[in-house]
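A short write-up of the structure that comes next.
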Amino acid sequence: MADSRAIGIFDSGVGGLTVAKAIHNLMPDENLIYFGDTAHLPYGDKSDEAIVHFSKGIASYLQEKHQIKALLIACNSASAVAYNPLKSYLPESFPVYNVIDPVAAEIALTKPNSVVGVIGTRATINSGSYTQKIRTLEPSIDVSTLRTPLLVPLIEEGLAESKIAHETLSYYLEQPELGDIDSLVLGCTHYPHIQKKVEELSDGRFEVINSPEIVAARVLKDLAARDLKNDSSHQGKLEFYVSDYTAVFENIAQIMFGSNITLVEENIWE
Ligand code: DGL
């Protein structure tokens with residue numbers, strides 16, 4: 001049976017678009033509703049309480065206004081601190097996905113006896129989520145984490161390709177925490193926007209994990225198991241909303257999804 005209701009996807013800003021893109025590539029017939037909470041950007045520097053509050057508000061909006069069939073938290077910061085609160089807030093049978101568990105599971109399976117680096121926002125790294133989840137599944141893995149809070153503002157400013165992004169990233173990648181790593185998790189959904197730069201700067205020293213693809217594969221598997229997929233022959237409809245309109249957001253979304261998409265401001269916080 002085909003379920004044509006949309007998958008709801010949210011992040012603080014353009015980061016979750018990298019996950020939405022992977023979902024769209026893997027499941028082109030699914031309808032997607034994306035919400036970027038640009039009014040509250042960045043999430044990574046907010047308190048856990050604030051991130052939980054925003055996440056619940058967005059989940060209610062997506063459920064009530066758009067009748068979504070599943071919710072994907074396309075933000076590591078919210079995945080780290082708001083996934084469990086959201087699971088208890090939403091009906092028990094409602095599918096909620098985070099971006100950390102699938103990546104932790106994949107790493108545990110494929111990288112035993114290695115050193116894995118994780119870069120992310122303050123909220124994500126302070127939560128200890130990656131270390132705890134990876135090491136619970138595979139104790140032979142050493143996890144070394146680093147807070148890299150300057151990257152999100154650069155990406156949201158549309159400066160991903162700039163010299164200043166290059167300098168900032170080189171500074172972070174030279175930190176001792178990342179000295180001995182075999183692979184690196186971009187533990188913030190904004191960072192795939194600068195993945196090429198990370199790979200260039202790594203110079204083959206470590207492998208960069210493709211988190212959006214891993215997450216998309218997990219969502220596909222679970223939707224199929226729950227008989228919630230939209231097996232139609234039509235291209236899915238893509239809708240993009242933000243709590244505070246910015247031209248940079250619209251521009252990045254159009255570069256990624258095509259110039260025919262439009263961005264709608266929906267201030268759900270009023
Ligand atoms: N893209 C989000 C994450 O994965 C949020 C970044 C931010 O708003 O600080 O953590």
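One-based numbering, in listed order, for ligands and for the atoms of each. Computed over heavy atoms, backbone and side chain alike; hydrogens, waters and symmetry mates excluded.
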Would you tabulate the polar-atom pairs, meaning N/O of ligand 1 against N/O of the protein, with distances under 3.5 Å, reported to 0.1 Å?
| from | atom 1 | to | atom 2 | distance (Å) |
| --- | --- | --- | --- | --- |
| ligand 1 | 1 (N) | Asp11 | OD1 | 3.0 |
| ligand 1 | 1 (N) | Asp11 | OD2 | 3.4 |
| ligand 1 | 1 (N) | Thr189 | OG1 | 2.9 |
| ligand 1 | 1 (N) | His190 | ND1 | 2.7 |
| ligand 1 | 4 (O) | Asn76 | N | 2.7 |
| ligand 1 | 4 (O) | Asn76 | ND2 | 3.2 |
| ligand 1 | 4 (O) | Thr189 | N | 2.8 |
| ligand 1 | 4 (O) | Thr189 | OG1 | 3.3 |
| ligand 1 | 8 (O) | Ser12 | OG | 2.6 |
| ligand 1 | 8 (O) | Tyr43 | N | 2.7 |
| ligand 1 | 9 (O) | Tyr43 | N | 3.3 |
| ligand 1 | 9 (O) | Gly44 | N | 2.8 |
| ligand 1 | 10 (O) | Asn76 | N | 3.4 |
| ligand 1 | 10 (O) | Ser77 | N | 3.1 |
| ligand 1 | 10 (O) | Ser77 | OG | 2.7 |

Exercise. Should Glu207 and Lys111 count as an ion pair when the cut-off is N to O under 4.0 Å?
Worked result: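 Judged by the 4.0 Å cut-off on N to carboxylate O distance, Glu207 and Lys111 do form a salt bridge.
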Exercise. If you draw a 6.0 Å radius around CD in Glu199, do more than 12 non-hydrogen atoms from other residues or ligands fall strictly inside?
Worked result: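 Count over threshold, so yes.
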Exercise. Within 45 degrees of the axis of the six-membered ring of Phe257 and under 6.0 Å from its centre: does Lys21 put its NZ or CZ there?
Worked result: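 Positive - Lys21 is close enough to the ring of Phe257 and near enough to its axis.
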Exercise. Do Ser127 and Thr124 have a side chain donor and acceptor closer than 3.5 Å?
Worked result: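 Ser127 vs Thr124: no donor-acceptor pair found between side chains.
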Problem set entry | Sub-4.5 Å side-chain heavy-atom contact between Leu201 and His166 |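 Leu201 vs His166: side chains touch.
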Problem set entry | Geometric class of the His66/Tyr61 ring pair [parallel <30°, tilted 30-60°, perpendicular >60°] |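 Geometry flag for His66 against Tyr61: perpendicular rings.
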